[in-house]
Structures are given as structure tokens and as C-alpha cells.
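Every chain is numbered from 1 and lettered A, B, ... according to where its sequence line falls, protein lines coming before strand lines.
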Amino acid sequence: MGEGIKWSPYLEKMREQMDQLKLSEIKEWSGYDLTPAREFKTAQVQGGFKAFHAEKIEKIGVGSFYFNKEIHHGFCTIIPDEDYDLPMFVSQWEEGEKEIRFLVDIMPTVDSLIDEEYRKRYLESVQPLWEKYASLPGICPEESDAIRSLCSIVYTAAKVPIDKEGLRLAALAPHTEYLKSYLNFLQEAYSIKDDTRRKEVKRKRGVIRDVLRKRFSGEIVCDSVSEALESNLQEQMVAILF
Amino acid sequence: MARLGWNDMVDFAKVICDEYKLFEGIELVPLETYEGMDTKPAWEFKAPMASGFYKPYLIKGSDKIEKITIGELHYMGRAKYCALNMTATDDYDLPIFACEFDETAPRVGVTTDFMPTVDIAVHEDYLKKYYSQIAGLWRKYRTIPGFTKEGRCLVQRRYGPWPWARETLSPFSLDGRVEEKEDRKKVMEAVVAYARVWLDLLEKAEPINDPDYKQEMLKRKKTMQKYYRDLDPGGEVMKKIFGEGKHHLFVSLVF
């Protein structure tokens with residue numbers, strides 16, 4: 001199983017976009033030494049994760065790993081600096097021999113129903129991509145109720161059946177395209193001036209990160225993968241990503 | 001693809017009230033005034049191109065209901081624009097039960113949802129409190145052909161052109177376009193299943209005590225109502241048929 005698969009270049013493509021930024025690596029986060037996660041290999045999993053800092057960004061987490069050489073997991077998250085009301089970028093990738101499951105989103109850090117200007121700037125501008133990828137085979141809602149409740153109106157999720165090899169790259173396209181849009185937001189982002197706004201953003205950012213941390217094991221990665229990662233490595237990954 | 005004749009289309013109100021007996025055991029009383037407007041012109045209306053009814057009610061003995069409206073607008077013998085809306089009073093944070101069921105010969109365009117009155121991403125408890133009972137129903141009914149098509153599940157895409165409308169939806173909305181007669185009936189089953197859960201939640205609902213939370217909730221609720229009353233794409237047609245005054249009354253009752 002998995003030996004003959006030409007895995008998608010998830011990490012390479014995401015890093016290509018990231019490399020446009022001036023990145024500085026974060027080696028410790030909230031008391032966690034992140035360096036063991038840079039490159040790891042156990043009986044069942046092999047991969048690497050890194051966290052970075054950049055202008056206007058508190059943390060970028062990016063990495064991938066293979067589970068039993070049968071499943072390829074990839075993740076990329078961007079958490080903006082708390083002085084900015086920028087959305088959070090979340091990309092999650094689970095590639096198997098016959099199916100790719102993924103979620104990519106630009107999660108709003110304010111109530112985008114109330115804040116029309118925010119919605120237009122960060123979500124409606126991505127709507128053409130949301131419409132474009134609606135035709136992707138296997139498009140479907142994000143399965144986790146808790147994670148779906150965090151998602152924006154332009155999230156794209158799918159369980160793409162791989163019945164021809166070109167579909168691996170087709171499934172990867174939403175991730176790189178959403179990421180490009182997100183990186184464009186950075187240039188025009190300005191810091192929050194208003195205290196009420198700051199509190200609103202802080203509250204929502206906190207909840208989003210907390211939900212994603214709590215759902216990593218069991219929902220973002222399945223129980224068997226979670227067990228194979230062992231607790232130390234899993235804690236480091238969560239610290240890197242969220 | 002099925003094309004249904006007028007007589008084969010769904011009798012929306014009749015199916016809900018008489019076949020499924022949604023309100024059995026509840027005494028509905030007419031809501032005669034809503035937001036200062038006399039509602040009677042909505043109870044039965046007729047214009048050269050359209051006729052129908054939007055009937056608003058309260059529940060006898062309950063102070064929890066702002067309105068329950070059930071209605072149908074029949075357009076030129078070709079289309080039925082049907083709605084069921086159940087909204088709690090401002091003392092309760094219940095989601096707004098909203099169903100829009102627009103039927104023409106080739107298809108039904110439907111949206112059924114519990115629209116959250118707070119930002120569901122921020123309030124995790126709200127998700128557990130109001131959505132745990134419909135999570136299973138959502139998974140069951142999203143497989144109705146039309147909601148799911150050629151292996152793609154397209155719920156939450158019907159409102160594609162209107163981002164403001166998508167913002168009002170919960171992560172459990174059932175919306176899409178359904179064609180076959182049997183599938184249209186299945187949609188009605190889903191509408192009633194969601195509505196029953198909402199009525200059950202209403203019975204258990206407790207008033208909000210936290211003034212800050214209430215303020216936050218009301219801001220969102222009023223924003224949603226304003227969006228639908230001002231921006232609904234069907235609004236312009238209604239204005240042309242019935243005039244500004246009746247249009248405002250009708251959309252206020254429906255949302």
C-alpha cells in the first residue's frame with residue numbers, strides 16, 4: 001500500500017508561497033521546544049513541521065507527515081498578529097491512495113455577518129475561488145460540526161475521489177490559490193485602533209484556536225494517527241499550528 | 001428531470017399543518033398587529049398576477065413567540081413561493097427557524113435552517129444547546145438528490161450570489177435545488193423534522209439574563225431581519241405586484 005503513489009507536493013507548493021515573506025523560525029512556543037518536530041521518524045510516522053514569524057503575523061505553522069506510508073497529512077496555518085483583524089488561514093490535507101480529504105479557509109476573526117466591510121474585503125474577494133472550486137469532484141461540507149462552525153462563507157472542503165492522477169494536483173489548487181489571496185491581504189492590513197474591536201478580535205481568535213487545538217486529535221487527524229504520533233510530538237504539532 | 005404540473009406541486013401549508021400536523025397540541029392564535037402594522041391584508045391577498053396568504057400567529061399562553069408565519073404566494077399559476085418562519089421574542093436567544101420553499105415545474109429551491117442569533121463560532125455552548133438535535137437530521141437529509149448531486153454535496157451553495165444571505169445560515173442549513181416529485185416530498189419531511197426540533201427547543205427555552213449577551217444577540221437578530229427585508233431578491237417583484245406598503249408587511253412577516 002502507498003508504495004506506488006505519486007504523492008502531491010503539498011508542502012513544497014505551500015512553502016513556495018510562504019517564501020515570499022521574510023520568515024524567521026520560532027523554536028520555542030508556550031514552553032514547548034519545537035525543534036524535535038522539525039524532522040521526525042518513528043515506526044509509523046515520518047515528516048516535519050516548522051513554525052515561523054513574519055511581519056504582521058504571530059505564527060505560521062506548516063508541515064506534513066506520512067502515516068504508515070499510506071496517508072499523507074499536510075497542514076498550513078497563519079495566525080495574524082493580535083494587532084490586526086486579519087482572518088486566520090487554515091489548510092488541512094489528508095491524502096490517501098483513493099481519496100483526498102481537505103479543508104481550506106480564511107476564518108473570520110470578527111462576526112462577518114455584522115461587519116459588512118470586513119466581509120467584502122476578506123471573504124467576498126475570495127468568492128470567485130469558492131465558486132471556481134465548486135465544480136471539483138467530491139466537494140462537500142466540512143464534516144466536523146465544531147470546525148464547520150468556525151468556517152467562513154467561502155470555505156472549500158472536499159473528499160476528492162482519485163480516479164485519475166491529475167485530480168491530486170486539482171485538489172491542491174484551492175490551497176495555493178486561497179493562500180495567495182491571503183498573502184495579498186497582508187500588504188494592506190493595518191493595525192486595530194479601536195479597543196472594542198481589539199477585544200472582539202481577541203475573543204474570536206482565542207475561541208478558534210482553542211477549538212482547533214481540542215479537535216486536532218480525533219477530528220483533524222483520526223484516532224489511529226493520533227496514537228501513532230505519541231503525545232510529545234502531537235503537542236509540538238498543535239503548538240506549531242494553532 | 002421531472003416537470004410537475006401545478007396540481008402536482010406541494011401544498012406547502014396543508015402538508016405542514018394537516019398531513020404532518022406540526023402544530024398539533026399547540027393552540028395558534030392570529031397575530032393581528034406586528035411591528036405596528038395591521039396584518040390582516042396578508043391573511044389573504046389577490047393581485048392580477050399573484051394571490052396567496054401569509055398567516056402570522058402567536059402561541060396561546062406563551063410569551064416566547066414573536067411570530068410563527070406560514071404562507072404561500074402563487075405567481076401566475078407557474079410558481080409557488082412558500083415560507084415558514086418561527087421567531088422567538090427578544091428575551092430568548094433561540095435561532096430563527098426559517099424555511100423558504102420556492103417551487104416551479106422543474107424544481108424546488110429550498111432553504112431550511114436554524115439561523116443563529118449569535119456568532120456561533122464564538123459561542124460554543126450555543127452550538128451544543130441548539131444544534132445537537134439537528135446534527136443527525138442534517139446528515140440524513142443532506143443526501144436528498146439535489147442537495148447531493150453526482151457525488152458532490154452542495155448544501156450552503158444555493159445562496160451563492162448573496163454573501164449576506166450565506167452569512168445568516170448555520171452550519172446545519174439544508175439548502176439546494178431538488179427536482180423529482182418524491183424528493184420534493186422528502187424535503188417537506190426534512191422541513192417538518194427541523195420545525196419539530198425548534199418547537200421542542202422553544203418549550204425548554206429560558207429567557208436571557210445577561211444584558212451584554214442580550215445586546216449582542218439583538219444586534220445580530222435585527223441585522224439579519226434587516227438584510228432579508230431590504231435585500232431579498234424577490235422583494236423587487238413583490239413591490240411591483242403589491243406596492244411598497246404591502247411588500248414591507250409581507251417580508252416582515254416572512255422574516
query: Can you tell me if CG on B:N209 sees more than 12 non-hydrogen neighbours from other groups inside 6.0 Å?
result: no
query: Who wins among A:A134, A:C151, A:P137, A:G138 for the most heavy-atom pairs under 4.5 Å with chain B?
result: A:A134
Engaged part of A:I208 at the chain B interface, taking heavy atoms whose separation is under 4.5 Å: neither
message: Using modelled atom types and a 3.5 Å cut-off, is there a donor and acceptor pairing between side-chain atoms of A:Q127 and backbone atoms of B:G160?
response: yes
query: By a 4.5 Å heavy-atom criterion (distance strictly below it), what part of A:L136 contacts chain B: side chain, backbone, both, or neither?
result: backbone
Options B:Y131, B:W138, B:W164, ranked by heavy-atom pairs under 4.5 Å with chain A, top entry: B:W138
- request: For each of A:R119, A:E116, A:E142, tally heavy-atom pairs with chain B at distances under 4.5 Å, and name the one with the top tally.
  value: A:R119
query: Looking at B:I120, B:V122, B:T223, which one has more heavy-atom pairs under 4.5 Å with chain A than the rest?
result: B:V122
query: Salt bridge check: are B:K219 and A:E200 linked by an N-O gap of less than 4.0 Å?
result: no
message: Less than 4.0 angstrom from a charged side-chain N to a carboxylate O is my criterion; do B:R139 and A:D145 meet it?
response: yes
Partner residues of A:K98 under the side-chain hydrogen bond (donor to acceptor under 3.5 Å, both in side chains) criterion, sequence neighbours left out: none
message: Using heavy-atom distances under 4.5 Å, tell me whether B:E150 contacts chain A through its side chain, its backbone, both, or neither.
response: neither
field: Salt bridge A:R203-B:E216, side-chain N to carboxylate O under 4.0 Å
entry: yes
Straight-line distance of B:M224 CE to A:L113 CG, nearest 0.5 Å: 6.5 Å
message: Looking at B:Y126, I'd like to know if its OH atom is crowded, meaning that more than 12 non-hydrogen atoms belonging to other residues, nucleotides or ligands lie closer than 6.0 Å.
response: yes
- request: Find the one option among A:E143, A:K159, A:E131, A:K120 whose heavy-atom pairs under 4.5 Å with chain B are most numerous.
  value: A:E143
message: Within the supplied structure, the quantity of interest is the number of heavy atoms (other residues, nucleotides, ligands) at a distance under 6.0 Å from A:K56 NZ; does it exceed 12?
response: yes
message: If you count heavy-atom pairs within less than 4.5 Å of chain B, which of A:D210, A:I153, A:V154, A:V207 leads?
response: A:I153
Which portion of B:Y159 sits near chain A, non-hydrogen atoms under 4.5 angstrom: neither
- prompt: Mind checking whether A:P141 and B:R142 have side chains closer than 4.5 Å, heavy atoms only?
  reply: yes
- line: chain B shares the most heavy-atom pairs under 4.5 Å, among A:A146, A:S112, A:P161, A:A158, with A:S112
query: Is atom NZ of B:K222 surrounded by more than 12 heavy atoms (other residues, nucleotides or ligands) closer than 6.0 Å?
result: yes
- prompt: Sub-3.5 Å donor-acceptor pair from the side chain of B:R152 to the main-chain atoms of A:I139, do we have one?
  reply: no
- prompt: Does a salt bridge link A:E124 with B:R166, judged by any charged N lying under 4.0 Å from a carboxylate O?
  reply: no
query: Of all of A:L150, A:V211, A:I114, A:L123, which one pairs up most often with chain B through heavy atoms under 4.5 Å apart?
result: A:I114
